[in-house]
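Because only heavy atoms are used, hydrogens play no part in the values below, and waters and symmetry mates are left out as well, while side chains stay in. It should be emphasised that the depicted structure is a prediction, and the values quoted were computed from it without experimental measurement.
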Amino acid sequence: MLQSFADTVWLIPFYSLAGMVLSLIWSPGITRKTGPRPAGYVNLLLTFFSFGHALLATVAIANQPPQYVHWTWLDVAGLHFDIPVEISILTTTALMLITGLNLMAQVFAIGYMEMDWGWARFYALLALFEGGMAALVLLDSLFFNYVVLEILTLATYLLIGFWFNQPLVVTGARDAFLTKRVGDLVLLMGVLAIYPLAGSWNYDDLAAWAATAQVNPTLITLICLALIAGPMGKCAQFPLHLWLDEAMEGPIPASILRNAIVVATGAWVLVKLTPVLSLSPVALTALLVIGSVTALGGTLIAIAQVDIKRALSYLVSAYMGWVFIAVGLKEPGLAFVFILTYGVAMALLMMSIGAIIWNSITQDLRLLGGLWSRRPISGISFLVGSAGLLALPPLAGFFPQAELLDTAFAQLPWVGVVLLLVNTFAAFSLGRTFCLVWGGEVKPMTARSPEVFWPMILPMTVDLGLVLHLPILMGRFDWVIWTHPSLTTAAALTVTALLGWGAAAWVYLGKAIPKPVQFPLPPVQDLLAYDFYTPKLYKATVVGAVDLISRITAWFDRTFVDGTGNAFGVVTLLGGDRLKYSTTGQSQAYILTILMGVAILVIAICWPLLA
């Protein structure tokens, strides 16, 4: 009985797509009497079915080898493409994560967006996200994964721009779309270039080809760098990271889904491409550099943010940097486990701060404070989410990070130092947020801020229990390799996490430092607060170059292209103005002119014969 759920697990994306289509019925222009709320309940029910299907499939397929299903997509003129689907404990676990977190986000949205009339459109876009991500993990093909990533890019644009009557929302959606398109365009070049070499886009075929491939080092390096570009944009890695910060203009329930698992879609593709990327030492080094810079820079920038959502958005980029580092160290298994533990913890953090924003009106950390006595459930959720994100034993996030740290010190010690610094700064940033929101004295914005009602509390507490029990649940997955990190590594991660959190408590709750806290070096504070001046750097380089080229082409178009056309028009007008006086209106004059023209034409044609 259960095996039938495993055999039909490929149906899960269609549940979400059915919900998206049914949402159109309750759009304001079609159904006015019921309002848009039934669209949310329909999608919620279908997502619940998706989660149940994925759960039963995971139970059925446990301890079984992966299965592959193929459907012919194109077979013409000797060109054959099929749609490969992988059914394994890895893909079904990923489906449980996607559908489970989307289910929590949808329940959270019932409370958070209670008075919003855009339910049909919002839940339809959440369904599109769920269906796209489910298809991404099932499809065992780089080409079809690229197609799905393009669909998710469009969905990101629509969901960030949900409240399209606000200028900042429109700008954020546009910038997110264009930034991702840069990475997608380069990724497409890599996807097209790898096919003539490997003869396939299926990940298993690519891995088999990479094991014995003998290719030009320069060629494979360029291809691997192109394949990295797409995940860079999806995972918001430096320098393609600004879109995630601006994406915080979207609704909180969408941010829960985006920060927890949508950003990990690029990481999923990157991890699946590890055998190919291992062919190029330059590509592996690039992954380590990109991941290290993003992880370290993201945590430092997060410390200086005053917007509570942006303080977490930069940590998203930082922790996706861990995935880049894991792939650069050839540890795809650790990257998979890390994505799972990260997604559950980050969703809990986003729900806890979303509950604060909902009835505190402001997102400014400087205007919040003293909420521990009023908001204990949200505060405990934030603490548990922080512990799950940081490498604190015995929570699940500790194990992949500790193993990765052991690997880093064994291969490249400088990467291990970077990881410890990132853990310290991330702990300080999370501790700072907690102290500013839940610690200190009550402020005017938080004087009347009771705990939110059940639609937001329910998914938050369920996720809280999931974070706490995740190590036990992961023990059921045979693809999770439990390691025993060295005592030194375990101590280093624990001490750095506690050190960062303790330093934040001393700075923001202690009496020794005047409040509000000011960094001793204002230029450094401004450097972090303004994202290392990356927007200005963009404006001076990429945007400036595009603007200059646009001005030059516009001048050329006006001067030469339009000028040439205008010159012909002026000559025609002047000629017509002069010739009008030679028109007599007499038919014999017209006949004489026609005869003269015909005579000249005949002479011109017969002139070679006359000569």
Side-chain angles (χ1 to χ4, degrees), residues 235 237-238 264 267 270-271 274 277-278 284-300 302-303 314-346 385-431 467 470-471 474-475 479-504:
C235 297
Q237 299 295 287
F238 281 24
L270 187 71
V271 172
T274 301
L277 300 176
S278 299
L284 296 178
T285 303
L287 287 169
L288 293 174
V289 172
I290 293 169
S292 299
V293 170
T294 305
L296 194 56
T299 49
L300 288 173
I303 293 173
Y314 284 103
L315 289 182
V316 173
S317 297
Y319 276 94
M320 285 297 101
W322 279 76
V323 178
F324 274 66
I325 293 174
V327 176
L329 295 175
K330 300 181 183 180
E331 292 288 349
L334 293 178
F336 276 128
V337 179
F338 179 79
I339 291 172
L340 172 63
T341 59
Y342 158 84
V344 176
M346 180 54 71
S386 300
L389 195 62
L390 300 170
L392 283 178
L395 297 182
F398 167 77
F399 297 98
Q401 295 184 56
E403 179 64 21
L404 183 61
L405 187 60
D406 272 339
T407 304
F409 275 117
Q411 298 183 18
L412 296 169
W414 68 268
V415 177
V417 174
V418 169
L419 293 178
L420 288 178
L421 290 175
V422 169
N423 200 48
T424 305
F425 294 141
F428 184 88
S429 177
L430 291 170
V467 173
L470 191 58
M474 289 171 59
W479 61 268
V480 177
I481 303 174
W482 290 104
T483 59
H484 300 282
S486 64
L487 182 61
T488 304
T489 300
L493 283 173
T494 305
V495 168
T496 52
L498 296 177
L499 179 64
W501 195 278

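- For the atom pair CG of L499 and CG of N423, the computed distance is 10.0 Å after rounding to the nearest 0.5 Å.
- Summarising the geometry, atom CG belonging to L498 is positioned 11.0 Å from atom CG belonging to L493; distances are rounded to the nearest 0.5 Å.
- The side chain to side chain contact (heavy atoms under 4.5 Å, CB included) test with L430 is passed by exactly one of L390, I303, T299: L390.
- With sequence neighbours excluded, the residues forming a side-chain contact (heavy atoms from CB on, under 4.5 Å) with I339 are A264, A267, V323, listed by chain and number.
- Applying the side-chain contact (heavy atoms from CB on, under 4.5 Å) criterion to A387, with sequence neighbours excluded, gives L392, L395.
- Proximity of S386 to W501: side-chain heavy atoms (C-beta onward) are separated by under 4.5 Å at one or more points.
- Applying the ring-ring contact (aromatic ring centres under 6.0 Å, His included) rule to F338 yields the partners W322; only residues at least two apart in sequence or on another chain are considered.
- Legend: residues meeting side-chain contact (heavy atoms from CB on, under 4.5 Å) with T424, ordered by chain and number and at least two apart, are T496.
- Shortest non-hydrogen contact noted between C235 and M320 is O-CB, 3.7 Å.
- Between V417 and F409 the shortest side-chain heavy-atom distance falls below 4.5 Å.
- L287 places none of its side-chain heavy atoms less than 4.5 Å from the side chain of I325.
- Take T294 and apply the side-chain contact (heavy atoms from CB on, under 4.5 Å) test, not counting sequence neighbours, and it matches Q237, F238, I290, S317.
- Contact record, A408 with L419: CB-CD1, 4.1 Å, taken as the closest heavy-atom pair.
- Summarising the geometry of V327 relative to L284, their closest heavy-atom pair is O-CD2, 3.8 Å, with the distance given to 0.1 Å.
- Residues L389 and Y342 meet the side-chain proximity criterion, which asks for heavy atoms closer than 4.5 Å.
- Of all heavy-atom pairs between L296 and V422, the closest is N-CG2, 3.7 Å.
- Here the closest heavy-atom approach between residue W414 and residue S292 is recorded as CZ3-OG, 3.6 Å.
- Between P394 and P471 the shortest heavy-atom distance is O-CG, 3.3 Å.
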